[in-house]
Structure formats: C-alpha cells, structure tokens
Amino acid sequence: MNKIYQIYQILYKKYGPQGWWPFINYEGTNENKQGSAQGYHPLDYSFPRDTDEVFEVCIGSILTQNTSFASVVKSLHALNSRAALRPKALKEMDPDTLKLAIRPSGYYNQKALYIREFLSFFEALDGAVPSRKELLAVRGIGEETADSILLYGYNQPEFIVDAYTKRILLELGMIDKKARYRDIKMFIQESLKKNIKDEKELLRVYQEYHALLVNHAKLFYSKKPYAKGCFLKEQFR
DNA sequence: AACCAGGACGTGA
DNA sequence: TCACGTCATGGT
C-alpha cells in the first residue's frame, strides 16, 4: 500500500464519508459544514439526480473559484430564489441581475461572463458528457474547475487538485513545490490505481478523497504556519 | 485590519 | 514556459 492510499484510509477513518458535492436543495446538506465529521449526503452516490443538479455542480464549480463555498451557497440560493438555477431560466436572466445574484461569491463581473459562456456550451451538449478538452476550451474553466465538473457533475474519474491538495502534499514532503497540476494529478491517480482495481470504487475514492483533503485542510492548513497539530504530518515525516 | 478563500486569465519577459 | 498583476466579496 502506497503513501497516497494510506493517507486516504487515515482520512476516511477519521472523518468518514463526505458525500460531495453539496446541493442546496438537498435536506441532508449542511451549509455550515466546516471541518466537521459530518458529510453532505454520506454514502449516497446517486447524485447528481437530474440535469438541474448537474447544472448546479457546474455553476457552483465556477463560482467557488478562489472563494469559500459558504459564499457560493448564498449566490446559489439567490439564483434559486429566482428559479434561475436551471439553464433555460438562467439564460433569460439579464446580465446585471445575474451579477447581483452572484455578488456574494466575488469576481462577479468575470464570473457572470464565465457563466454566460458556459450556458451556451451546456445547452449545446444537450445532455451529453463533455470531454475535459471541451471544458477547458470554455472561457473561465481551467483545470481544477473542469475536473470538479467532471468528477462531481458527471461522475468521471478525474482527480481534483486544488490549493489544499498541493499544500498538504507539499507539507508531507510528497511533491515538489514546483510540481504542476498535471504532475500532482497523475501522481495521485496512478498511486490509487495501483491499489484499487474496481472502476466504480476508484471513482468513489476520487470523490471522497478530494472532499476529505478539503475537510482536513480547513482544520489544519488554513492559517500559517500550516500543519500545526496535523496527525498526518506526525505519522509521515 | 490584514489576510485568506474548494482559480483563471492576460501580459510581458 | 514562467512570474506576476488583476479580478472582489465576505469571514476571521
């Protein structure tokens, strides 16, 4: 068993199933979940349950760029209260109203543009699963956002590498500080593939692992100096 | 009152 | 490719 998989086991045992992605209209979703051991919809992998929920993951993924998810939830509720958390309705919303609704998430001018660009792309898909390459061609969708959409919106086995992931692995001495997104992603994916042969299981691990890393990072890697009290670091260095 | 948050993009070396 | 500035609100 390699280190990457060991860390997963430890985090899962510690925090339990996280049940990402959070959906604002799902009763089990705890919006105030913050570094807790409580998941959003733990062990329920039936998500997203319809096209609107796929869309919600996409919009949420764009809005959460360099922004806390608590702020994103406000924006999603603002859209939802206007019945605009659906492609058709959102497309009919005028730009200024959209900006106002997503204002809590910051960068509202950019993100409003990104969302409008994504809308056209999403409608053209007509229910099909987008390729990673296609997603990356959409303005405002970079590697992390693309992987977020694919992993949680379309149940595709694409591991998400975010700032927390880099920070934790760097602190544990497992990656170089100059490591690129691709490098880290492949390192993690290849490590997990060596231990997990079942594709369905691999997908769930990708989904849970990223959620676990975020949860863990919120507890030990938010404020500098990082890793104070981190039990992973005590065990792996 | 700085500092950070579940990044992406444009620009000039 | 790479380093850096810009985008912005809200919580601690």
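Values in this document were obtained by computation on a predicted structure and should not be read as measured data. Residue numbers begin at 1 in each chain, while the letters A, B, ... track the order of the sequences.
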Do A/Lys14 and A/Phe231 meet the cation-pi criteria used here (NZ or CZ under 6.0 Å from the six-membered ring centre, within 45° of the axis)? yes
On the six-membered ring of A/Phe55, is A/Arg86 placed so that its NZ or CZ lies under 6.0 angstrom from the centre and within 45° of the ring axis? no
What's [X] touching, base or sugar-phosphate or nothing? Going by heavy atoms closer than 4.0 Å.
| X | result |
| --- | --- |
| A/Gly106 | base |
| A/Ala217 | nothing |
| A/Ile141 | sugar-phosphate |
| A/Val161 | nothing |
| A/Lys74 | sugar-phosphate |

Please check the phosphate of [N] (OP1 and OP2 only) for any side-chain N or O of [X] closer than 4.0 Å.
| X | N | result |
| --- | --- | --- |
| A/Thr145 | B/dA8 | yes |
| A/Lys224 | B/dA2 | no |
| A/Lys218 | B/dC4 | no |
| A/Tyr108 | C/dA8 | no |
| A/Arg103 | C/dC7 | no |
| A/Asn66 | C/dA8 | no |

Starting from [atom2] on [N], measure out to [atom1] on [X] and report it in whole angstrom.
| X | N | atom1 | atom2 | result |
| --- | --- | --- | --- | --- |
| A/Trp20 | B/dG6 | CH2 | P | 8 Å |
| A/Arg139 | C/dC7 | CZ | P | 16 Å |
| A/Tyr107 | C/dG5 | OH | C1' | 12 Å |
| A/Arg167 | B/dG7 | CZ | P | 9 Å |
| A/Tyr152 | B/dG6 | OH | C1' | 9 Å |
| A/Asn109 | B/dA8 | CG | C1' | 15 Å |
| A/Gln110 | C/dG5 | CD | P | 17 Å |
| A/Asp162 | B/dC4 | CG | C1' | 14 Å |

Parallel, tilted or perpendicular for [X] and [Y], by the 30°/60° rule?
| X | Y | value |
| --- | --- | --- |
| A/Tyr152 | A/Trp21 | tilted |
| A/Tyr5 | A/Tyr8 | parallel |
| A/Tyr221 | A/His216 | tilted |

Polar side-chain atom of A/Lys111 near backbone of A/Ser105 as donor-acceptor pair, under 3.5 Å: yes
5′-ward residue of the pair A/His210/A/Tyr114 relative to DNA chain B: A/His210
Can you find a donor-acceptor N/O pair under 3.5 angstrom joining the side chain of A/Tyr40 to the base of B/dG6? yes
Centroid under 5.5 Å and tilt under 30°, A/Phe69 to B/dA5: no
Between A/Lys178 and A/Ser105, which has a closest nucleotide on DNA chain C that is more 5'? A/Lys178
Given C/dC7, C/dT9, C/dC2, the nucleotide with the shortest approach to the side chain of A/Arg180: C/dC2
Rounded C1' spacing from B/dG6 to C/dG5 in Å: 23 Å
